[in-house]
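The structure appears right after this line, and notes come after that.
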Amino acid sequence: MKIRKAIIPAAGLGTRVLPASKSCPKEMLNIVDKPAIQYIVEEAVKAGITDILIITNRGKGVIEDHFDHSFELEAQLRAKGRNDTADELAALANLANIYYIRQKETKGLGHAVLQAKEFVGNEPFAVLYGDDVIIGEDPAIAQLCRASEKYEKSAVCIKEVPTELVKKYCSLKVEKLEENVYGVSDMIEKPKEEEIFSNFAILGRCVLTPDIFDILSRIPYGAGGELQLTDAMREIAVKEGMVGVDFTGIRYDMGNKLGIMKANVEVALNHKEIGEDFKDYLKELVGGL
């Protein structure tokens, strides 16, 4: 079945990027001239997704404002002859059918996804983590949707990461199926060293069936006292198997200060307006170090 719905959990507190996230949601932190969440929404739209639910919490109304019309601003831009910029802003309100729901308590990614049960209904759906911006020619979520449709299984975006990061993320038991596609038969959230299956971890994207909601409704809270989506996905992986896609594209962790800086530098280098000037600036700066 074609994936047409997506969830973007964006209710995290952003404690790793304080004090910036105290007044500005981390999902709204800029990568050059666009907030992080816009890259994520655009990725979903490029993959053919038409309906997007963004899960927020208190203090994140600015996300809703960003994907709405700003008629006064658009009118001022047009009055000054800046029609291209006005058109770009107007297009934000028409990227997709975007809906919002609040996660009133931050009880983990699994708890956030559970809030989307009514929105999803009885069809497979995508989850794009609000912390993770993935930039590439072929949208990461599109790669995942194709694999899920081909193998008729739930699917996750995966990468090999250093052992220290595996302990912070999760570890997957995998078997290669073809090129960059793997079968996933088990997983564990935040494993101890002796529990690590492999250095493959889930990064930023998954495609799930609505069966996940029944699992999330009955499993106990896990690591960190939170309802872990990984724990629910593990049940599917063990019983039915899942597909892991070692995706193409560059992933930036926007819940991490270094990740934010890497995203800004690397996107700026390829930016059509400032790329060449920024490259010259970097050469001069690095030459003086």
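In what follows, every heavy atom counts, from backbone to side chain, and hydrogens, waters and symmetry copies are set aside.
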Verify, without hydrogens or angle tests, whether [X] (side chain) and [Y] (backbone) share a donor-acceptor contact under 3.5 angstrom.
X: T230; Y: E189; value: no
X: K5; Y: F119; value: yes
X: D231; Y: L227; value: no
X: S198; Y: L172; value: yes
X: H69; Y: F71; value: no
X: K173; Y: V184; value: no
X: D51; Y: N97; value: no
X: N30; Y: D33; value: no
X: S185; Y: G241; value: no
X: K153; Y: E240; value: yes

Test side chain to side chain donor-acceptor pair (under 3.5 Å) on T163 and E193 and set out the steps. CA-CA 8 Å; T163 300; E193 185 128 13; 5.4 Å; no
Does the ring centre of F213 sit less than 6.0 Å away from the ring centre of F125?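 Yes: the rings meet the under 6.0 Å criterion.
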SB check E43 K46 (cutoff 4.0 Å): no
Heavy-atom side-chain contact between [X] and [Y] under 4.5 Å:
X: L29; Y: C24; answer: yes
X: C206; Y: L229; answer: yes
X: Y252; Y: I135; answer: yes

Aromatic Y169 / basic K190 pairing, under 6.0 angstrom, 45° off normal: no
Does K34 count as lying over the ring of Y39, i.e. NZ or CZ under 6.0 Å from the six-ring centre, within 45 degrees of the axis?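 Flagged: K34 positioned over aromatic ring of Y39.
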Greater than 12 external heavy atoms within 6.0 Å of [X]'s [atom1]:
X: E88; atom1: CD; result: no
X: E64; atom1: CD; result: yes
X: R218; atom1: CZ; result: yes
X: Y221; atom1: OH; result: yes
X: E194; atom1: CD; result: yes

Heavy-atom pair with the smallest gap, counting every atom of [X] and [Y]:
X: I40; Y: I8; value: CG2-CD1, 3.7 Å
X: N57; Y: T106; value: ND2-CG2, 3.5 Å
X: F200; Y: V174; value: CD1-CG2, 3.8 Å
X: P9; Y: L128; value: CD-O, 3.3 Å
X: P210; Y: P124; value: CD-N, 4.1 Å

Can you run down the salt bridge (Lys or Arg N to Asp or Glu O under 4.0 Å) pairs that involve residues 248-271, sequence neighbours left out, and say none if there aren't any? R16-D253, D132-R251
From CA spacing to verdict: side-chain contact (heavy atoms from CB on, under 4.5 Å), I158, Y182: CA-CA 9 Å; I158 65 174; Y182 295 76; 4.0 Å; yes
Report whether I202 and I188 are members of the same hydrophobic cluster (ILVMFWY, side-chain heavy atoms less than 4.5 Å apart, transitive linking). no
Qualifying residues under side chain to side chain donor-acceptor pair (under 3.5 Å), relative to R78, sequence neighbours excluded: D87
Residue pair [X] / [Y], side-chain donor-acceptor N/O under 3.5 Å:
X: Y151; Y: E178; result: yes
X: H111; Y: Q103; result: yes
X: Q76; Y: E72; result: no

For the side chain to side chain contact (heavy atoms under 4.5 Å, CB included) test, which of V181, D246, D138 pairs with Q143? D138
